[in-house]
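Note sheet for the following structure.
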Amino acid sequence: MSNAGYDDASLRVEDFDAAIFDLDGVVTRTARVHAAAWKRLFDEYLEQRAERAGEPFRPFLDDDYRRYVDGKPRYDGVRSFLQSRGITLAFGKPTDPPDRETISGLGNRKNQFLQESLERGGVEVFDSTVILIRTLRGYGVKTALVSSSRNARAILASADLTTLFDVCVDGTDAARLELKGKPAPDIFLAAAEALGVQRTRAVVFEDAISGVEAGRAGGFGLVVGVDRADQAPALRTAGADLVVADLAALHLLAPAPPAEPASMERRDGQ
Ligand SMILES: O=P(O)(O)OC[C@H]1O[C@@H](O)[C@H](O)[C@@H](O)[C@@H]1O
């Protein structure tokens, strides 16, 4: 162990045929954009409820996000957090307007907040992850993007990263294929199947507790926890084989140099 509580991590490239990456918080810096949209939604809603009931307002905390919402499909996140506060709402319909007091309505309101933020702020990426993906691809390792988010493809496109992945399974695919959300492993298994690789020959990269649990439950060869929220012990408990603060800390052990050099593409067209 080194790096202040993180693992001194190496990965033998020849042990893997595929690498499966979560999006928000692993590839793009959008976990915090999601977290802020959820906070806005739940704080407004809890405040209204507290006022109606004449009770004290208990805000939505970072820990609530990590435990109940992070990594899960949109409506599962709403249900799971409300349940933690003893609040039960009807599911409603996915087409519910954002002002309806249903699980769907609340989820759709959060999506409005998220899209407003993405329009304002754009999408930032973790360069270290992009370099790792390009390097792995250079070694012939297949890559997949797996996300619970129904906004994943739009986020990938806006960061100009779509071509980095052989396969993409996102929240829209999961709903269409009726796959269970993280912490169930279904979405990761669907990606491995689409890539045509055995799960034991695939490595999963995840930053959310629910995502690490999903990777572990899926029986993947290796689950790497990426700690963006000061929660390394929780990621280990959830089943991460190793935890790093950033993927720049991962050393690739490879028998030969990659087929093509791994470099960041210039984003300014030069
Ligand atoms: O509401 P969306 O965009 O479909 O995203 C669902 C979930 O996607 C996950 O990737 C995020 O970690 C969660 O915060 C988010 O709630």
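Start at 1 and go down the list; that is how both ligands and their atoms are numbered.
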### Task
Output the list of atoms in ligand 1 that are nearer than 4.0 Å to some heavy atom of Asn151, sorted by atom number.
2 (P), 3 (O)
### Task
Look at the rings of Tyr75 and Phe91 and say which category their plane angle falls in: under 30° parallel, 30 to 60° tilted, over 60° perpendicular.
perpendicular
### atom 2 (P) of ligand 1: the protein heavy-atom neighbour that sits closest, reported with distance to 0.1 Å
Ser149 OG, 3.5 Å
### Query
Looking at Arg150, which atoms of ligand 1 are within less than 4.0 Å of one of its heavy atoms?
2 (P), 3 (O), 4 (O)
### Candidate list Ile20, Leu23, Val167, test side-chain contact (heavy atoms from CB on, under 4.5 Å), partner Val146, passing option
Ile20
### Message
Any nitrogen or oxygen of Asp22, side chain or backbone, less than 3.5 Å from one on ligand 1?
### Response
no
### Query
Of all the non-hydrogen atoms in the protein, which one sits nearest to atom 10 (O) of ligand 1, and at what distance?
Asp24 OD2, 2.7 Å
### Task
Report whether Ile131 and Phe126 are members of the same hydrophobic cluster (ILVMFWY, side-chain heavy atoms less than 4.5 Å apart, transitive linking).
no
### Message
Consider side-chain hydrogen bond (donor to acceptor under 3.5 Å, both in side chains). Of Gln198, Lys142, Arg201, which one does Asp17 pass it with?
### Response
Arg201
### Message
Only heavy atoms of Arg74, strictly under 4.0 Å: list the atoms of ligand 1 that pass.
### Response
1 (O), 2 (P), 3 (O), 4 (O), 6 (C)
### Task
Note the single closest protein heavy atom to atom 15 (C) of ligand 1, along with its residue, its atom name and the distance in Å.
His34 ND1, 3.6 Å
### Query
Do Glu14 and Tyr139 have a side chain donor and acceptor closer than 3.5 Å?
no
### Query
With atoms numbered from 1 as shown, which atoms in ligand 1 lie under 4.0 angstrom from a non-hydrogen atom of Asp70?
12 (O)
### Query
Would you say Gly71 and ligand 1 have an N/O pair spaced under 3.5 Å apart?
yes
### Task
Classify the angle between the aromatic ring planes of Phe42 and Phe60 as parallel (below 30°), tilted (30 to 60°) or perpendicular (above 60°).
tilted
### Query
Has ligand 1 got any nitrogen or oxygen that is less than 3.5 angstrom from a nitrogen or oxygen of Tyr65?
yes
## Note on the structure
At under 4.0 Å between heavy atoms, what of Lys72 touches ligand 1? The answer is backbone
### Task
Check for a donor-acceptor pair, side chain of Asn108 on one end and backbone N or O of Asp96 on the other, with a separation under 3.5 Å.
yes
### Query
Is a side-chain donor-acceptor pair under 3.5 Å present for Thr172 with Arg150?
no
### Per-atom contacts, ligand 1 versus Trp38 - under 4.0 Å to a heavy atom
14 (O), 15 (C), 16 (O)
